[in-house]
Protein chains: 2
Amino acid sequence: MQAIRPVVIIQTMSETKNRILETMSELLERQGYNGTGLNEIVKLSQTPKGSLYHYFPDGKEEIVAEAIRQKSRGIQELLRHNLAQHDDPAKAVRYHIEFMAQHLAAHECRVGAPLASVVLETATHSERLREACAEAYGNVHEVFKEKLVASGFDDATAIRLMKTIVAAVEGAMILSRAQKDNQPMLDIAASLEILIRAELPTA
Amino acid sequence: MQAIRPVVIIQTMSETKNRILETMSELLERQGYNGTGLNEIVKLSQTPKGSLYHYFPDGKEEIVAEAIRQKSRGIQELLRHNLAQHDDPAKAVRYHIEFMAQHLAAHECRVGAPLASVVLETATHSERLREACAEAYGNVHEVFKEKLVASGFDDATAIRLMKTIVAAVEGAMILSRAQKDNQPMLDIAASLEILIRAELPTA
DNA sequence: GTCTATACGGTGATAGAC
DNA sequence: GTCTATCACCGTATAGAC
């Protein structure tokens, strides 16, 4: 049995298929699931509607589920890179969040939380999309947990802290968009550094 | 100049108007802005469409903006009540979050974060709705801040902590819905208690 | 003033030409 | 296999009868 690595999938994937997914990701982040029409995807990605249903026979749900999976891989990669910048987990987490805060500021805080709106809009009606989001969050969780465990935290504490971190980041992105100001991100960056340091095993 | 208190507004408000707003609030929370149609509102609230545009000439945006304002008042009230249960701010915050966790569990985690999806879906396109959400968040912020300042925190720390709390709660509700499990809420309840206690001025 | 019937645009999806 | 033309449906909003 051979594992298929993401990069292989991407290389195998046709250019148009990839363009559809990228466009969907972008629009989901800006306007949510129901706010993003397939006509808009078709226009922006410059692909005929027929191709869209050729590559994704299950229609919108399938495109979104796949876009989420792809996005999740990208986030994981970025996260791993950012967390590797500091040995100290408190500093590392702060670094990552401040990095994201800059990203928000560069886009007038109209970005961030690419999964949240999909969860909120669809979790009740589509089990498939809910699961895709849950899995994506799980992947992000894992990266944080690895960092915390490597820093000496026991499993239970690491799990609690990682959920706290992900929740705070998700919420802060939403607050930032509402206020058009990334200050909430900077605030949680400081708070989470304090929290992690307070719980850090000194042994 | 006389201030109009919320209760007066509610009493003055016609029964149908109120029913429209309640229905909208409920559906917004479950399916978001674009996922909620006015036809659905009309059907569920048992009000003819004509009345809808009679009471809200600006249409959907106005209904949603008003629903958010009303919801925000309700949240404030609940929050004030919950935070008053303990003098210790760390315990009080934990109490409130665990209260909300129970609320989620009682509804299969399909509730919570009534403002988030509106922000994510509309902030880019409608300044009016973005502002309504920002103001609603501001109201919630205030209640937490009052509690923290009353407990001896200086203003700057109280503001940072209150944003951390609101962000974590918002994010945890989303994670809970994705996972169909309120554990994220319980996790942040524990983490935030630790954080607040760690920063609590002992003077 | 309350309500019904309708307009018109956009939605997701598909049939069928090439 | 790729794509275009079109479908039936639902979205918000409005006109006009009572």
Side-chain angles (χ1 to χ4, degrees), chain A residues 12-21 23-28 30-68 117-118 120-130 132, chain B residues 12-68 117-118 120-130 132:
Chain A
T12 303
M13 188 162 54
S14 83
E15 187 46 50
T16 51
K17 190 173 179 181
N18 189 52
R19 213 169 47 240
I20 292 170
L21 292 177
T23 308
M24 177 58 94
S25 273
E26 214 172 293
L27 293 189
L28 280 181
R30 278 216 303 261
Q31 0 181 357
Y33 179 83
N34 291 303
T36 301
L38 293 189
N39 295 329
E40 208 177 350
I41 297 287
V42 160
K43 204 193 303 175
L44 281 182
S45 66
Q46 309 242 37
T47 59
K49 188 171 277 196
S51 307
L52 193 147
Y53 278 93
H54 169 67
Y55 289 116
F56 304 95
D58 281 2
K60 192 176 183 181
E61 266 206 17
E62 185 179 1
I63 301 176
V64 172
E66 197 63 45
I68 286 171
S117 63
V118 178
L120 292 170
E121 291 179 79
T122 71
T124 307
H125 304 300
S126 161
E127 192 65 13
R128 177 180 189 172
L129 289 179
R130 189 194 63 76
Chain B
T12 304
M13 189 161 54
S14 84
E15 189 44 52
T16 50
K17 190 172 179 181
N18 189 52
R19 213 167 49 239
I20 293 170
L21 292 178
E22 296 280 354
T23 309
M24 177 59 94
S25 274
E26 215 172 294
L27 294 188
L28 279 181
E29 192 166 337
R30 278 217 303 262
Q31 2 182 359
Y33 180 84
N34 291 303
T36 301
L38 293 189
N39 294 330
E40 209 178 349
I41 297 285
V42 160
K43 205 191 303 176
L44 282 181
S45 66
Q46 309 245 36
T47 59
K49 188 171 278 194
S51 306
L52 193 147
Y53 279 93
H54 168 68
Y55 289 116
F56 305 94
D58 282 1
K60 191 175 184 181
E61 266 206 14
E62 185 179 0
I63 300 176
V64 173
E66 197 61 46
I68 287 171
S117 63
V118 178
L120 293 170
E121 292 179 77
T122 69
T124 307
H125 304 298
S126 161
E127 192 66 12
R128 177 180 188 171
L129 289 178
R130 188 193 64 75

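All chains are named by letter (A, B, ...) in the order of the sequence lines, taking the proteins before the strands, and each is independently numbered beginning at 1. For the numbers below, each heavy atom of this structure counts, side chains included, while hydrogens, waters and symmetry mates do not.
By the 4.5 Å heavy-atom criterion applied to side chains, B:Tyr55 and B:Glu62 are not counted as neighbours. Side-chain contact between B:Tyr33 and B:Glu61 is present, with heavy atoms from C-beta onward closer than 4.5 Å.
Rounding to the nearest 0.5 Å places CG of B:Leu27 at 10.5 Å from CG of B:Leu38. Taking CD1 from B:Ile41 and CG from B:Leu21, the interatomic distance works out to 9.5 Å, rounded to the nearest 0.5 Å. Once rounded to the nearest 0.5 Å, the distance linking CD1 of A:Ile20 with CD of A:Glu66 reads 11.5 Å. One finds the CG atom of B:Leu28 at 10.5 Å from the OG1 atom of B:Thr23 (value rounded to the nearest 0.5 Å). In this structure, B:Leu52 CG and B:His54 NE2 are separated by 11.0 Å, a value rounded to the nearest 0.5 Å. If you take CZ on A:Arg30 and OG1 on A:Thr36, they are separated by 8.5 Å, rounding to the nearest 0.5 Å.
Using a 4.0 Å cut-off between charged nitrogen and carboxylate oxygen, A:Glu40 and A:Lys43 do not count as a salt-bridge pair. Comment: B:Arg19 does not engage B:Glu22 in a salt bridge, judged by the lack of any side-chain N to carboxylate O separation of less than 4.0 angstrom.
For DNA chain C, the contact window with chain B, defined by any atom under 4.0 Å from a protein heavy atom, covers C:dT2 to C:dT4 in 5' to 3' order.
Within residues 52-63 of chain A, the residues that have a heavy atom under 4.0 Å from DNA chain D are, in order of number, A:His54. Contacts of residues 19-35 of chain B with DNA chain D (heavy atom under 4.0 Å): none. Within residues 36-43 of chain B, no residue has any heavy atom closer than 4.0 Å to DNA chain C.
Looking at residues two or more places apart in sequence or on another chain, you find no salt bridge (Lys or Arg N to Asp or Glu O under 4.0 Å) involving A:Glu121.
Sorted by first and then second residue, the salt bridge (Lys or Arg N to Asp or Glu O under 4.0 Å) pairs with a member in residues 45-58 of chain B read B:Asp58-B:Arg128; sequence neighbours excluded.
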